Chemist: 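My questions will all concern the structure given below.
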Amino acid sequence: MAKYLITGAAGFIGSSLVRALLGRGEQVRGVDNFATGKRENLTEVLHQMDFREADILDLDAMRSACEGVDYVLHEAAIPSVPKSVIDPLGSNRANVDGTVNVLVAARDAKVKRVVYAASSSAYGDTPTLPKQEAMPPNPISPYAVAKLASEFYMVSFYRCYGLETVCLRYFNIFGPRQDPSSPYSGVLAKFSLQMLRGEQPTIFGDGETSRDFTFIDNAVSANLLACSAPGAECAGRVFNCATGRRITLNQTFDAMKELTGYKGTVKYAPERSGDIKHSLADISRAEKHIGYKVLVNFEEGLRRTVEWYKRQAQPVEA
Ligand code: UD1
């Protein structure tokens, strides 16, 4: 049994990792400052873990959180492109300064490995598809720059201090517990809630924008593999975490109409600033070096996601 620290444990991805690790009988410690995470995401598992309300910007709290820990899964972030365009300083503090704190604390506590929630936004709008890790990054938004800077810090801590770090470049992760209610929410969570309520969703752009939408179970599995793979295969390296398939927003809307029973139309609005047009991953590096496989495809993931939001909308029976 190993001990894991999950930063951002009350967030969508963090809380999914908590459940997966507890399910495997691992010891789990979690930190979250509830900036974007929610206590409800941990309700039924809180008693099985060591949860601490703390900010990754608090170095002392991070030092204490890293004590006795084998693996750190660093998910805490302000995960939004548009929010970073409005508030680049806030994005930089949480997404860069916070990461350096976690790394310093992990290094000094002699943690075995840190796995980092990096972002596909690092690739930016380079026309080449699919995106391969060896391609030069070309970040557009302050969010993308911050996530990429943290990636470089991860690699740097491996090179300078020998702390094993692995970066997983997430491509549009979606699934149950993703927050649908903020203007900065991921598109699939937002559409699920809106369409189930019969509200008209908005597509920014012409709808031909595409993404490699990746169901959460795939990201959870990538994290577990990134912890268990031999250091020679993965330490100090960056891996795409995706499915290798891209879906347009128009296709997404059509698929969600069937699943939600929404009868209306979609509204089209101008593209968002900082957005990229297409995103698609080459996942062969992760397959080769950490044994990654796509476990759940887009259609099945979307079905499970919409089912979950449907259940949330139902009143609890007395
Ligand atoms: C980006 C990053 C991703 C990061 C995420 C954090 C890329 C390729 N990906 O995702 O790594 O984790 O930010 O927020 O840069 N949209 C609509 N209607 C809506 C909401 C969104 O049409 O109501 C559109 C957006 O304009 C965008 C697409 O849907 O074109 C996906 O948006 P979103 O789910 O916010 O994620 P990304 O910005 O792609």
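One-based numbering, in listed order, for ligands and for the atoms of each. Being a predicted model, the structure only gives us computed values, none of them experimental.
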Chemist: Which residue in the set Thr214, Asn172, Asp212 passes side-chain hydrogen bond (donor to acceptor under 3.5 Å, both in side chains) when paired with Thr243?
Modeler: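 The side-chain hydrogen bond (donor to acceptor under 3.5 Å, both in side chains) with Thr243 is passed solely by Asp212 among Thr214, Asn172, Asp212.
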Chemist: Apply side-chain contact (heavy atoms from CB on, under 4.5 Å) to Tyr161 and list each qualifying residue two or more places apart in sequence or on a separate chain.
Modeler: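 Partners of Tyr161 under the side-chain contact (heavy atoms from CB on, under 4.5 Å) test: Arg107, Phe157.
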Chemist: With a cut-off of 3.5 Å and sequence neighbours excluded, list every side-chain donor-acceptor pair involving residues 192-203.
Modeler:
residue	atom	partner	partner atom	Å
Ser192	OG	Leu188	O	2.7
Gln200	NE2	Thr265	O	3.4
Gln200	NE2	Thr265	OG1	3.1

Chemist: Minimum heavy-atom separation for Tyr184 to Pro82, with atom names?
Modeler: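 Closest heavy-atom pair between Tyr184 and Pro82: CD2-CG, 3.7 Å.
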Chemist: Is the terminal nitrogen or CZ of Arg24 (NZ for Lys, CZ for Arg) located under 6.0 angstrom from the six-membered ring centre of Tyr4 and within 45° of that ring's axis?
Modeler: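 Verdict for Tyr4: no cation-pi partner in Arg24.
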Chemist: For a quick test of your reading: what N or O donor-acceptor pairs under 3.5 Å do the side chains of residues 140-148 make, sequence neighbours left out?
Modeler:
residue	atom	partner	partner atom	Å
Ser141	OG	Ala144	N	3.1
Lys147	NZ	Tyr116	OH	3.4
Lys147	NZ	Ala117	O	2.7

Chemist: At less than 4.0 angstrom from any atom of ligand 1, which residues have a non-hydrogen atom? List them by chain and residue number.
Modeler: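 Close residues (ligand 1, cut-off 4.0 Å): Pro79, Ser80, Val81, Ser119, Ser120, Ser121, Tyr143, Tyr170, Asn172, Gly186, Val187, Lys190, Phe191, Thr202, Ile203, Phe204, Thr209, Arg211, Leu249, Arg272, Asp275, Ile276, Ser279.
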